[in-house]
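In this chain, residues are counted from 1 in sequence order.
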Amino acid sequence: MKGIFQIIACTILFASVSARADYAKGCDDPEYLQFMQTRYASFEAKNRRLLDETWQNYQRSLASGDNAFQIISDLSQHLRYSAQFEPVSEVKAKIEKVFSHVDALSVNQQIAGDVFDSFGSEKHAVGIAQAWLAYRQGEQQRAFEFLLKSIESGSSAVLNSFGPDFSFVRQLYRDGHTAPVITYINKTRQFWTGTRPDNLRYVWLQMIKAGCPVQFDFYDTIKVKELGLSVRDVNQREAADY
């Protein structure tokens, strides 16, 4: 019964999508461009909200003081947003604070002095923050290097399941830096595997090839068909998997 309901739900979704009018001018359609501006604003608003929320999480963990690993995790996640909006000096101080928390761990906790390398998602978050910081200071090549290094963090259940951060990639692409974005997307194949990640990468690369604005979000798999691009319907393919 569950399979039947899933098929029905997907059929309804596809019917609603196909019923929408395509953008007559494709990627350059004013309505699509306006839609993307709205989406970019939404992403920024969400990240500003998370800036405050993640800082509060870190403060709570720090106050309790009973889980050093949670403190490191919370501050690392906060850095993703801090690096986008807060003063450079403040971001640098917070990055140093992450490493000071790591250094403060006991010998047993440090696991032979290599504890930070075992925190795949935390190391990734700090790497993204370093990339943002370098970019904001006009050090583009260094920013690209930090970006790619951030996904060399080894095994991480979070990254393997949900994928890496795309907020910085979204900004790079908007600013016209296509090459590092493509390299980053392709490099995620090393750890972010499965039908869903493969479909997302396929859609994003096809949209980039066509010169379209991209959200780097699952919603792109719907918009790509509305734009009239000649791509396979990855949503239809996922429905068939049911």
Practice item. Quick one: do K223 and Y23 satisfy side chain to side chain donor-acceptor pair (under 3.5 Å)? Show the steps, please. Key: CA-CA 9 Å; K223 303 306 287 187; Y23 294 102; 2.7 Å; yes

Practice item. Show your working on side chain to side chain contact (heavy atoms under 4.5 Å, CB included) between Q130 and I95 and close with a plain yes or no. Key: CA-CA 8 Å; Q130 291 171 321; I95 290 175; 4.0 Å; yes

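The salt bridge (charged side-chain N to carboxylate O under 4.0 Å, His left out) check on E145 picks up nothing, with sequence neighbours excluded. Every residue two or more places apart in sequence or in another chain that forms a side-chain hydrogen bond (donor to acceptor under 3.5 Å, both in side chains) with W204 is listed here: D220. Annotation: side chain to side chain contact (heavy atoms under 4.5 Å, CB included) contacts of A143 (sequence neighbours excluded): A134, Y135, F168. Partners of T221 by side chain to side chain contact (heavy atoms under 4.5 Å, CB included), not counting sequence neighbours, listed by chain and number: L200, V203, F218, V234, N235. With sequence neighbours left out, the ring-ring contact (aromatic ring centres under 6.0 Å, His included) criterion links Y184 to F166. Residues satisfying the salt bridge (charged side-chain N to carboxylate O under 4.0 Å, His left out) criterion with E53, sequence neighbours excluded, are R49. When the side chain to side chain contact (heavy atoms under 4.5 Å, CB included) test is applied to T193, no partner is found at least two apart in sequence or on another chain. Partners of R189 under the salt bridge (charged side-chain N to carboxylate O under 4.0 Å, His left out) rule, at least two apart in sequence or in another chain, do not exist in this structure. Here K97 pairs with Y58, L75, S100, H101 under the side chain to side chain contact (heavy atoms under 4.5 Å, CB included) rule; sequence neighbours left out. For R60, there are no salt bridge (charged side-chain N to carboxylate O under 4.0 Å, His left out) partners two or more places apart in sequence or in a different chain.
Heavy atoms from other residues, nucleotides or ligands lying under 6.0 Å from CD of E90 number more than 12. Sparse packing is recorded around CZ of R142, with 12 or fewer heavy atoms of other residues, nucleotides or ligands lying under 6.0 Å away.
To the nearest 0.5 Å, the span separating CD on Q59 from OG on S64 amounts to 11.0 Å. The CD1 atom of I151 sits 6.0 Å away from atom NZ of K187, with the distance rounded to the nearest 0.5 Å. Within the model, atoms CD of E31 and CG of D22 stand 11.5 Å from one another, a figure rounded to the nearest 0.5 Å. Put simply, CD on Q70 and CG on L62 are 12.0 Å apart, with the number rounded to the nearest 0.5 Å. Put simply, CH2 on W55 and CG on L50 are 15.5 Å apart, with the number rounded to the nearest 0.5 Å. The distance from the CG atom of L229 to the NZ atom of K209 is 11.0 Å, given to the nearest 0.5 Å.
Side-chain heavy atoms closer than 4.5 Å link hydrophobic residues (I, L, V, M, F, W, Y) into clusters, and following such links, even through other members, never connects Y173 to F146. Connection of V91 to L51 is not established within any shared hydrophobic cluster, with ILVMFWY side chains joined at heavy-atom distances below 4.5 Å, either directly or through further cluster members.
Between the side chain of H124 and the main chain of P164, no donor-acceptor pair closer than 3.5 Å is present. At distances below 3.5 Å, at least one donor-acceptor pair connects side-chain atoms of T183 with backbone N or O atoms of A179.
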Would you tabulate the side-chain donor-acceptor contacts of residues 33-42 under 3.5 Å, counting partners in other chains and residues two or more places apart, or write 'none'?
{"from": "T38", "atom 1": "OG1", "to": "Q34", "atom 2": "O", "distance (Å)": "3.1"}
{"from": "R39", "atom 1": "NE", "to": "Q215", "atom 2": "OE1", "distance (Å)": "2.5"}
{"from": "R39", "atom 1": "NH2", "to": "Q215", "atom 2": "OE1", "distance (Å)": "3.1"}

What pairs of donor and acceptor atoms, side-chain ones from residues 81-88 against any protein atom, are under 3.5 angstrom apart with sequence neighbours left out?
{"from": "S82", "atom 1": "OG", "to": "E86", "atom 2": "OE1", "distance (Å)": "2.5"}
{"from": "Q84", "atom 1": "OE1", "to": "N47", "atom 2": "ND2", "distance (Å)": "3.4"}
{"from": "Q84", "atom 1": "NE2", "to": "R80", "atom 2": "O", "distance (Å)": "3.1"}
{"from": "E86", "atom 1": "OE1", "to": "K94", "atom 2": "NZ", "distance (Å)": "2.7"}
{"from": "E86", "atom 1": "OE2", "to": "K94", "atom 2": "NZ", "distance (Å)": "3.4"}

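Contact of the W132 side chain with the L79 side chain is not registered, since no non-hydrogen atoms from C-beta on lie closer than 4.5 Å. At least one side-chain heavy atom of F191 sits less than 4.5 Å from a side-chain heavy atom of T188. At a threshold of 4.5 Å between non-hydrogen side-chain atoms, the residues D198 and R201 count as touching. V214 is not listed as a side-chain neighbour of V181, based on a closest heavy-atom distance of 4.5 Å or more. Side chains of D217 and F43 form a contact here, defined as non-hydrogen atoms less than 4.5 Å apart. You'll find the side chain of L147 reaches within 4.5 Å of the side chain of I128, heavy atoms only.
When every heavy atom of W192 is checked against every heavy atom of P197, the shortest pair comes out as NE1-CG, 3.4 Å. Closest approach of A125 to S76, counting heavy atoms only: CB-O, 3.3 Å. Of all heavy-atom pairs spanning L172 and F144, the tightest one is CD2-CE2, 3.7 Å. Of all heavy-atom pairs between C27 and P213, the closest is O-CD, 4.0 Å. Taking both residues in full, the closest heavy atoms of A24 and D29 are given as N-OD2, 3.1 Å, listed atom of the first, atom of the second, then distance. Between C212 and L227, the shortest heavy-atom contact is SG-CD1, 4.2 Å.
The pair E96-K92 does not meet the salt-bridge criterion, since no charged nitrogen lies less than 4.0 angstrom from a carboxylate oxygen.
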